[in-house]
Amino acid sequence: MKVIDHIRQAKESLISFEILPPLKGKTINSIYEHLDPLMEFKPSFINVTYHRSEHVFKKKADGTFEKVEVRKRPGTVGICAALMNHYRVDAVPHLICGGFNKRETEDALIDLHFIGVDNVLVLRGDAAKNETVFEPEPGGNQFALDLLKQVQNLNTGIYLEEDIRDGFRTNFCIGVAGYPEKHFEAPNLQTDLAFLKAKVAAGADYVVTQMFFDNQKYFDFVKRCRENDINIPIIPGLKPITSKKQLSVIPRTFHVDIPDDLSNEIMNCKTDADVEKVGTEWLLLQSKELKKAGVPVLHYYTLGKPKVIYNVVKEIR
């Protein structure tokens with residue numbers, strides 16, 4: 001089922017989770033062990049992230065270095081198939097621009113269609129670790145909007161090969177990202193909203209937000225979206241803080257603020273176990289307020305902390 005249909009049919013806020021593919025060398029069992037306890041809450045869908053390949057330099061026998069492309073977390077398409085088969089749940093793969101040309105993207109979309117995936121979340125993705133700015137692959141999509149348009153082309157039967165006439169039309173439901181505190185590359189929130197509005201005009205069905213720790217930022221973002229005629233569902237993305245290190249890592253990596261009350265509580269903690277208790281309680285309060293406000297879905301970035309997410313969701317179901 002499409003994410004948008006799950007939302008339309010719901011009588012209350014739904015639950016969804018997001019997971020990382022395992023590192024190369026690990027098995028699918030690591031995903032099952034992660035998700036098994038959470039499936040008690042009957043999530044409407046599970047997002048599966050995609051991470052672009054990296055370039056590393058490996059020393060050769062003659063002492064010189066060779067540039068090697070390494071993809072540390074492959075398997076998004078296969079994981080989606082496994083989740084749908086194992087749990088009978090809808091899977092939402094992330095599609096990114098970085099590391100793929102348009103033909104590779106089209107082939108991936110065809111594979112996803114063949115295995116019965118109804119939903120995709122389209123993202124530009126991050127710059128490569130050795131690059132200061134995002135650079136698309138030769139023949140690839142530069143922006144999430146371009147990637148979205150490619151998905152929509154397949155939804156209307158338009159393929160890259162011009163000699164394909166009356167090609168089969170896919171029927172993907174398309175999600176896009178939203179940034180309550182604006183994308184870090186946007187000069188201001190209004191400009192960022194203009195980009196989001198362009199994605200809606202191009203066929204986006206729903207928005208999933210970047211994580212935030214102050215619900216008012218989400219409420220203000222939704223209000224500004226509606227004022228700018230962005231009227232599709234806006235799903236809040238939620239993540240717990242579980243260590244003191246995250247006080248600096250999260251703002252630096254994701255460009256979001258941590259409220260004074262939360263950071264002060266965490267700074268007073270003596271151990272990360274204490275931090276996890278604080279982070280769990282904060283996330284629970286966020287979740288209760290958002291559910292009371294009638295958000296379409298509570299979307300949890302589980303990312304290695306399924307126990308924390310479990311403890312929160314069991315209190316709001």
Side-chain angles (χ1 to χ4, degrees), residues 1-19 34-49 80 83-94 112 116-123 148 151 155 170-180 196 199-200 203-212 215-226 229-240 283-303 306 308-317:
M1 185 186 293
K2 293 183 176 183
V3 167
I4 195 69
D5 291 332
H6 279 291
I7 293 171
R8 286 169 180 160
Q9 295 177 19
K11 293 181 173 58
E12 62 178 2
S13 300
L14 302 173
I15 299 294
S16 63
F17 302 123
E18 184 161 312
I19 61 169
H34 184 95
L35 282 174
D36 278 350
L38 296 174
M39 297 309 294
E40 171 186 330
F41 306 117
K42 296 180 172 54
S44 297
F45 54 91
I46 297 173
N47 279 28
V48 184
T49 66
C80 287
L83 293 180
M84 292 188 299
N85 179 64
H86 190 74
Y87 293 119
R88 296 294 187 265
V89 67
D90 285 306
V92 183
H94 290 194
L112 290 169
V117 168
D118 296 320
N119 307 279
V120 292
L121 184 73
V122 300
L123 308 159
L148 189 156
V151 179
N155 279 351
T170 57
N171 193 25
F172 290 110
C173 174
I174 306 171
V176 295
Y179 300 87
L196 181 56
K199 295 176 190 176
V200 175
D205 293 294
Y206 66 96
V207 176
V208 181
T209 76
Q210 175 64 284
M211 71 184 74
F212 55 89
N215 284 354
Q216 192 58 48
K217 293 189 184 233
Y218 168 81
F219 295 135
D220 291 344
F221 177 69
V222 172
K223 182 174 182 291
R224 291 196 63 173
C225 283
R226 302 314 184 215
D229 295 322
I230 299 170
N231 295 311
I232 59 178
I234 300 176
I235 298 171
L238 300 165
K239 176 181 171 64
L283 182 60
L284 177 58
L285 292 173
Q286 273 193 278
S287 300
K288 286 181 175 179
E289 183 179 32
L290 291 165
K291 184 176 182 180
K292 184 177 180 180
V295 300
V297 184
L298 293 164
H299 182 69
Y300 293 98
Y301 300 113
T302 64
L303 309 184
V308 173
I309 304 301
Y310 179 92
N311 289 336
V312 168
V313 178
K314 76 176 181 180
E315 292 295 327
I316 62 172
R317 290 307 296 261

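Throughout, numbering of the chain's residues begins at 1 and tracks the sequence.
- Counting only heavy atoms from C-beta outward, the side chains of Ile174 and Asn155 approach each other to under 4.5 Å.
- Contact check for Val3 versus Asp205: no side-chain heavy atoms found under the 4.5 Å cut-off.
- Although no hydrogens or angles enter the test, the distance criterion places no donor-acceptor pair under 3.5 Å between the side chain of Thr209 and the main chain of Gly178.
- In this structure, CE on Met84 lies 11.0 Å from CD1 on Ile46, to the nearest 0.5 angstrom.
- With contacts defined as side-chain heavy-atom distances shorter than 4.5 Å, the pair His94/Asn47 qualifies.
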* Verdict with reasoning, Leu35 to Val89, per side-chain contact (heavy atoms from CB on, under 4.5 Å) -> CA-CA 12 Å; Leu35 282 174; Val89 67; over 6 Å; no
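- Contact annotation: the side chain of Leu290 approaches that of Leu238 to within less than 4.5 Å [non-hydrogen atoms, C-beta and beyond].
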* Begin with the C-alpha distance, continue with both residues' side-chain angles, and end with the deciding distance and a verdict on salt bridge (charged side-chain N to carboxylate O under 4.0 Å, His left out) for Asp220 and Lys217. => CA-CA 5 Å; Asp220 291 344; Lys217 293 189 184 233; over 6 Å; no
* Asked: Under the side-chain contact (heavy atoms from CB on, under 4.5 Å) criterion, do Ile15 and Arg317 qualify, and how do the steps go?
  -> CA-CA 9 Å; Ile15 299 294; Arg317 290 307 296 261; 3.3 Å; yes
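- When side chains are defined from C-beta on, Lys314 counts as touching Phe41, because their heavy atoms get closer than 4.5 Å.
- For Met1 against Asp118, the heavy-atom pair with the smallest separation is N-OD2, 3.2 Å.
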* Ile309 and Leu283: CA distance, side-chain angles, deciding distance, side-chain contact (heavy atoms from CB on, under 4.5 Å) verdict -> CA-CA 9 Å; Ile309 304 301; Leu283 182 60; 4.0 Å; yes
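- The nearest pair of heavy atoms linking Leu121 to Gly175 is CD1-C, 3.2 Å.
- Separating the CZ atom in Arg88 from the CE atom in Met39 is a distance of 11.5 Å, to the nearest 0.5 Å.
- The minimum heavy-atom distance linking Ser287 with Ile316 is given by the pair CB-CD1, 4.0 Å.
- Put simply, the side chain of Pro233 reaches to within 4.5 Å of the side chain of Ile4, judged on heavy atoms.
- At distances below 3.5 Å, at least one donor-acceptor pair connects side-chain atoms of Tyr218 with backbone N or O atoms of Ile234.
- Nearest approach of Glu18 to Thr302, heavy atoms of both residues: O-OG1, 2.6 Å.
- The side-chain heavy atoms of Leu303 and Lys239, taken from C-beta on, include a pair separated by under 4.5 Å.
- Ring orientation note: the planes of Tyr300 and Phe17 are tilted relative to one another, at an angle of 30° to 60°.
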* Go through Phe221 and Tyr179 one step at a time and tell me if the side-chain contact (heavy atoms from CB on, under 4.5 Å) criterion holds. => CA-CA 8 Å; Phe221 177 69; Tyr179 300 87; 5.6 Å; no
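- One finds the OG atom of Ser16 at 8.0 Å from the CG atom of Leu298 (value rounded to the nearest 0.5 Å).
- Side-chain contact between Ile19 and Leu83 is present, with at least one heavy-atom pair separated by less than 4.5 Å.
- Within the 3.5 Å criterion, the main-chain N or O of Pro296 finds no donor-acceptor partner in the side chain of Ser13.
- The two residues Val207 and Ile232 make their nearest non-hydrogen contact at CG2-CD1, 3.7 Å.
- Atoms CG and SG, on Asp5 and Cys173 in that order, are 7.0 Å from each other to the nearest 0.5 Å.
- Of the possible polar contacts, one joining the Gln286 side chain to the Phe212 backbone as a donor-acceptor pair under 3.5 Å is found.
- Here the closest non-hydrogen pair linking Val117 and Ala91 is CG1-O, 3.9 Å.
- How far CG of Asp90 is from NZ of Lys2: 11.5 Å, rounded to the nearest 0.5 Å.
- The aromatic rings of Phe45 and His299 sit parallel, their planes meeting at an angle under 30°, below the 60° perpendicular limit.
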